[in-house]
Structure formats: C-alpha cells, structure tokens
Amino acid sequence: MHPYHPTHTAIHDWYTIHGRHDLPWRQTRDVYRIYLSEIMLQQTQVGTVLERFYAPFLERFPTLSDVASASEEAVLKAWEGLGYYARARNLHATAKLTQGALPQTAAQLEELPGIGRSTAAAIACFAYGEAVPILDANVRRILYRFFRRRTAKPPELWRMAERLFDSAHPYTYNQALMDIGATICTPQSPECSACPLRVQCRGSEMPERYPTPRLRKVKPVRKRIVWIFTDGERYGVRKGEARLLGGLYGFPQSERDLSGTLLGEVRHHYSHFTLEGRVVLTDERPEEAVELHPLDAIEALPLSMADKKALELLKHHLL
Ligand code: SF4
C-alpha cells in the first residue's frame with residue numbers, strides 16, 4: 001500500500017464535498033479550454049479570470065484554430081487587461097505551431113512556447129487523465145509543510161511532488177491540491193483543522209515556519225511623463241518592443257517635463273516596478289517614431305493598462 005494512502009483517501013473524500021467543481025474548466029475535457037485556463041491562471045487569480053476574461057476570450061476564439069488564424073494583435077487585444085502579455089504571444093505561437101491541435105502527452109506539451117513542466121502536467125492530467133503531479137505555487141507550499149522543509153530546490157520539490165502523488169486518482173488529487181492550497185493551506189493563516197492532509201502532515205504544528213518566508217522587495221517607482229502628441233486630429237502611439245509589453249501599443253514616455261496640457265496622472269503596478277505617469281497632451285513631437293491615429297482607431301488597438309488609463313483621461317478631456 002502507498003505510504004500516504006490515508007492522506008490520499010482523505011483528499012479524495014474532501015474533494016468530493018468541497019472541491020470547486022463548478023469552475024468552467026473543470027466541466028470540460030476539451031484540451032484547448034483547459035490549456036487556456038492554465039495559461040490565464042499562471043499569473044492571475046481564479047476570481048479575475050472567471051469574472052472578466054475566460055468566457056469573453058472563448059467567445060472571441062472558440063477553438064485553438066481560431067487563435068492560429070488570427071493576428072497576434074487580435075490575440076493581444078483579447079488579452080488586454082490580463083497583464084503578462086508574453087502569455088498571449090506564446091499562446092498565439094503555440095496555436096500556429098500546432099495548427100490548432102495540441103499534443104496529448106505532458107512531455108510533448110512541455111516543448112511548446114509558454115508551457116513549463118507544471119502547466120504541461122496540468123493540461124495532460126486534466127484533459128487526458130495522464131498520471132503526473134503538478135507543482136504550482138499552492139502545491140509547492142503544501143509540500144514544504146507536509147514534508148516539513150524550510151527550503152528546497154526545484155528538483156527536490158518535484159521529487160516531493162512525486163512521493164506524495166496519488167497516481168490512482170490523478171485528476172482528483174491534482175485538482176484537490178490546488179483547491180487546498182488556495183483555500184486551506186494559505187500562506188498566512190493555514191487552517192490545519194479543516195485540512196485532509198493533517199493526519200500525515202509533518203508541518204501542521206507550526207505551518208507558518210515552512211517554507212522560510214522570502215523577503216519582499218519594495219518595488220521601485222518609475223516616474224514618467226506619458227507623452228500624448230497630437231497634430232490636432234490624430235494622436236501618436238508606438239508599438240512596444242520590450243519583452244514586458246512587446247506587441248502592445250502605447251504612448252511614448254519621457255523622463256523630462258514637457259510643455260502642454262496636464263490631463264491627469266496614472267499609476268500602474270507591473271511585476272518589477274510601479275509606474276507613476278503624468279499624462280501630458282502636447283504638440284511637441286516625441287523623439288521616437290510614432291504612428292498617428294484618430295481616437296477611435298487607438299481604442300481598437302491592444303493597449304497596456306497604463307495607456308488605457310491615459311486614453312481615458314484624454315477622452316475625458318475632449319468631452
Ligand atoms: S495540515 Fe496544515 S500545514 Fe499541513 S497541508 Fe494541511 S493546512 Fe497545510
């Protein structure tokens with residue numbers, strides 16, 4: 001018998017009663033719908049994905065073939081507001097590479113752009129029932145606590161994931177662990193008394209000790225002028241080149257002050273910094289090349305969140 005058999009049984013029973021069965025990506029075996037949910041959930045919380053992004057994206061692109069035949073710009077437009085746009089570019093690249101038909105094993109899925117080992121395992125397990133463990137941030141935290149480890153390198157974490165894994169019920173086990181990590185074994189106040197792992201969990205006496213908390217870095221603030229150049233009828237935007245916002249459009253930014261009309265301020269948190277932008281409407285041409293478009297054409301382009309906010313200020317000013 002598996003050494004963690006009692007835990008497996010408890011997890012299975014817990015999931016039957018408490019699992020989040022109504023999540024739309026758990027009510028399908030369609031690999032594209034599962035893949036899309038996994039990519040969206042990589043850096044965005046379940047609630048946000050559910051409320052604002054998952055269904056509209058599927059409405060716009062019902063199949064992966066629809067993604068493959070769309071332009072990257074159209075995919076980015078549908079991703080607008082979700083952030084971490086490399087995900088959308090990789091989704092588009094994957095759709096094109098596979099011509100809309102994803103492979104069926106975790107090993108093959110992992111070869112595709114934007115799909116790491118854990119995401120590949122989740123897709124293969126949830127769509128095809130492959131018996132492979134996953135290792136997202138929630139599962140990782142459970143493993144640190146279950147095995148009472150304060151630190152561990154990725155290969156050790158994968159070994160821990162395999163040791164605890166219930167290969168007889170891969171779907172239920174993986175889904176349950178994600179739910180338990182999100183709702184019970186939370187970073188700040190784990191509720192061990194409600195947890196199905198508690199009987200064999202070695203860290204349940206002092207769960208907050210595992211893993212060693214990482215020091216939070218204070219994000220630097222970048223102060224910029226958001227430069228809205230106008231020739232009187234059209235406005236200047238440029239396509240981002242950097243990894244962060246590649247493929248998205250936005251207004252140029254400047255570190256120096258400009259003469260013009262101050263429309264307001266925008267503030268947006270990126271993963272590594274916070275942008276504080278003063279939005280200025282001016283007839284002074286920016287140094288970098290811009291495309292000139294009327295307002296409604298700019299609204300139709302995929303824009304970063306900060307630029308969307310700047311555009312709102314401009315529209316408000318023009319009212
Ligand atoms: S018993 Fe406590 S520490 Fe262990 S997995 Fe459950 S919630 Fe986390």
Side-chain angles (χ1 to χ4, degrees), residues 1-23 25-26 34 37-38 40-50 106 116-126 129-217:
M1 195 176 290
H2 195 289
Y4 297 117
H5 178 72
T7 297
H8 291 170
T9 308
I11 290 174
H12 201 276
D13 293 348
W14 180 90
Y15 188 73
T16 308
I17 300 168
H18 302 286
R20 295 178 291 181
H21 305 279
D22 52 350
L23 294 173
W25 46 87
R26 290 189 182 174
I34 289 166
S37 73
E38 288 300 325
M40 286 189 167
L41 293 168
Q42 277 174 354
Q43 272 119 344
T44 312
Q45 300 217 327
V46 170
T48 312
V49 167
L50 206 54
R117 181 171 170 187
S118 184
T119 301
I123 300 166
C125 176
F126 301 150
E130 189 173 332
V132 276
I134 56 172
L135 190 58
D136 69 0
N138 284 327
V139 174
R140 224 176 286 142
R141 187 169 56 254
I142 293 176
L143 293 172
Y144 276 118
R145 291 173 174 171
F146 190 87
F147 292 108
R148 208 158 63 191
R149 291 291 301 269
R150 303 196 73 173
T151 59
K153 299 223 158 62
E156 293 173 79
L157 281 164
W158 276 108
R159 279 198 292 278
M160 284 148 68
E162 278 153 11
R163 267 174 73 195
L164 185 58
F165 186 54
D166 180 359
S167 57
H169 305 97
Y171 183 98
T172 306
Y173 171 89
N174 280 335
Q175 298 283 25
L177 240 57
M178 292 200 297
D179 286 359
I180 293 163
T183 61
I184 295 180
C185 196
T186 55
Q188 307 306 338
S189 45
E191 221 188 313
C192 298
S193 60
C195 180
L197 286 84
R198 69 183 175 279
V199 174
Q200 291 184 291
C201 176
R202 297 177 58 206
S204 62
E205 274 168 31
M206 272 200 260
E208 290 91 345
R209 292 189 59 184
Y210 314 98
T212 304
R214 272 194 275 169
L215 288 178
R216 270 181 191 272
K217 282 197 200 141

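These values consider heavy atoms only, across backbone and side chains, with no hydrogens, waters or symmetry-generated copies. All ligand and atom numbering here is 1-based and tracks the order in the structure.
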May I ask you to list the atoms of ligand 1 that are less than 4.0 angstrom from any heavy atom of C195? 1 (S), 5 (S), 6 (Fe), 7 (S)

Under 4.0 Å from any heavy atom of P207, which atoms of ligand 1 are there? 3 (S)

Y144 and P207, any side-chain heavy atoms less than 4.5 Å apart: no

Number the atoms of ligand 1 from 1 as they appear, then name those within less than 4.0 Å of a heavy atom of S204, with their elements. 1 (S)

Start with the C-alpha distance between R26 and H21, add both sets of side-chain angles, then the distance that settles side-chain contact (heavy atoms from CB on, under 4.5 Å), and finish with yes or no. CA-CA 6 Å; R26 290 189 182 174; H21 305 279; 6.0 Å; no

Distance flag, aromatic centroids of F147 and Y210, threshold under 6.0 Å: no

In plain terms, say whether R117 and E162 are close enough for a salt bridge, that is, a side-chain N and a carboxylate O under 4.0 Å apart. yes

Quick check: does C185 have an N/O/S atom under 2.8 Å of atom 2 (Fe) of ligand 1? no

Measure C201 to ligand 1 on non-hydrogen atoms and call it side chain, backbone, both or neither using the 4.0 Å cut-off. side chain

Looking at R145, which atoms of ligand 1 are within less than 4.0 Å of one of its heavy atoms? 3 (S)

Under 4.0 Å, heavy-atom basis, I'd like to know which part of R198 is in contact with ligand 1: side chain, backbone, both or neither. both

Could you tell me the residue and atom name of the protein heavy atom closest to atom 2 (Fe) of ligand 1, and the distance to it rounded to 0.1 Å? C192 SG, 2.3 Å

With a 6.0 Å cut-off on the ring centroids, do H2 and H8 count as close? yes

Residue Q45 excluded, over 12 heavy atoms near CD under 6.0 Å: no

